[in-house]
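These notes are about the structure you will find just below.
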Amino acid sequence: MAKDELLTNEDDNLEIVESTSEKQDEPVEVILKFKKPFVFEGVTYNEIDLSALENITGEDMIQVNRRLTADGCAPLLQEMSLEYAQMMAAQVTGMPIELFKALPAKASMKLKNIVTNFIYGEE
């Protein structure tokens, strides 16, 4: 793969794949998929699976809210903020928060939309 084919922080050649299971018993699959690989700290990512959002609890959300407040970010609706989405994504994937902060702007906003839509989505 040529170096110019790798997705960097300046690239915005991304797509989001969201698919919801037809059966209510199956978890929702939510994947942030990159058209070109995204490289962070020498590791190449083709996609980030966020389907573990299905397992978050109210306590998880409270913990993220507390971390945001401790970090000095206290918007009225924290769950609508980019920082909240980044922290929630890091929590459910086990990936470092720095990875989500390094995403290009458009990918960051798509991540925010995935998390927000998941939280506010109807069952």
Side-chain angles (χ1 to χ4, degrees):
M1 174 181 306
K3 186 173 183 173
D4 59 277
E5 292 179 1
L6 296 177
L7 181 66
T8 64
N9 290 357
E10 291 81 33
D11 293 327
D12 60 3
N13 196 9
L14 304 165
E15 71 175 317
I16 296 296
V17 176
E18 294 182 78
S19 62
T20 307
S21 172
E22 296 287 326
K23 299 177 184 176
Q24 289 193 1
D25 293 337
E26 294 182 24
V28 174
E29 181 180 2
V30 184
I31 299 174
L32 174 63
K33 189 170 238 180
F34 303 104
K35 287 183 180 178
K36 292 182 181 179
F38 175 72
V39 179
F40 177 76
E41 293 184 351
V43 178
T44 302
Y45 298 90
N46 293 310
E47 64 185 29
I48 299 176
D49 183 354
L50 299 167
S51 60
L53 284 167
E54 186 70 31
N55 301 321
I56 62 171
T57 65
E59 181 61 31
D60 294 325
M61 296 171 74
I62 290 168
Q63 289 175 7
V64 170
N65 285 341
R66 286 181 179 153
R67 282 184 287 195
L68 284 171
T69 302
D71 289 349
C73 178
L76 291 176
L77 296 171
Q78 287 184 338
E79 69 277 6
M80 298 292 288
S81 72
L82 176 58
E83 294 90 348
Y84 184 93
Q86 291 169 335
M87 282 190 178
M88 188 60 72
Q91 182 164 328
V92 302
T93 63
M95 296 175 172
I97 186 72
E98 293 80 14
L99 180 144
F100 296 100
K101 289 182 177 183
L103 289 174
K106 286 187 177 184
S108 294
M109 293 310 293
K110 289 177 182 179
L111 172 69
K112 177 182 165 280
N113 289 337
I114 287 173
V115 173
T116 302
N117 289 340
F118 182 85
I119 291 170
Y120 286 109
E122 295 187 28
E123 292 188 34

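For this chain, numbers begin at 1 and follow the sequence in order. Hydrogens, waters and symmetry mates play no part in the numbers below; they use all other heavy atoms, side chains included.
Pairing each heavy atom of P96 with each of A90, the nearest pair is C-CB, 4.3 Å. When every heavy atom of L82 is checked against every heavy atom of S108, the shortest pair comes out as CD1-O, 3.4 Å. Summarising the geometry of R67 relative to M87, their closest heavy-atom pair is CB-SD, 3.9 Å, with the distance given to 0.1 Å. Shortest non-hydrogen contact noted between A89 and T93 is O-OG1, 2.7 Å. Residue A52 comes nearest to V92 through the heavy atom pair CB-O, 3.5 Å, listed as atom of the first residue, atom of the second, then distance.
Atom CE of M109 and atom NZ of K106 lie 12.0 Å apart (nearest 0.5 Å). To the nearest 0.5 Å, atom CE of residue M95 and atom CD of residue Q86 are 14.0 Å apart. Here Q91 contributes atom CD and N55 contributes atom CG; the two are 11.5 Å apart, rounded to the nearest 0.5 Å. Here the OH-CE distance, from Y120 to M80, works out to 6.0 Å after rounding to the nearest 0.5 Å.
Partners of M61 by side chain to side chain contact (heavy atoms under 4.5 Å, CB included), not counting sequence neighbours, listed by chain and number: I56, Y84, M88, I119. With sequence neighbours excluded, the residues forming a salt bridge (Lys or Arg N to Asp or Glu O under 4.0 Å) with E47 are K33, listed by chain and number.
With a 4.5 Å cut-off on side-chain heavy atoms, F40 and V43 do not count as touching. A 4.5 Å side-chain heavy-atom check between L99 and Y45 finds at least one atom pair inside the cut-off. Looking at F100 and I48, their side chains come closer than 4.5 Å, going by heavy atoms from C-beta outward. T69 has its side chain within reach of Q78: a pair of non-hydrogen atoms, C-beta onward, lies under 4.5 Å apart. Using a 4.5 Å cut-off on side-chain heavy atoms (C-beta onward), T57 and D60 make contact.
Residues L111 and I97 fall within the same hydrophobic cluster, defined by Ile, Leu, Val, Met, Phe, Trp and Tyr side chains chained together at heavy-atom separations under 4.5 Å.
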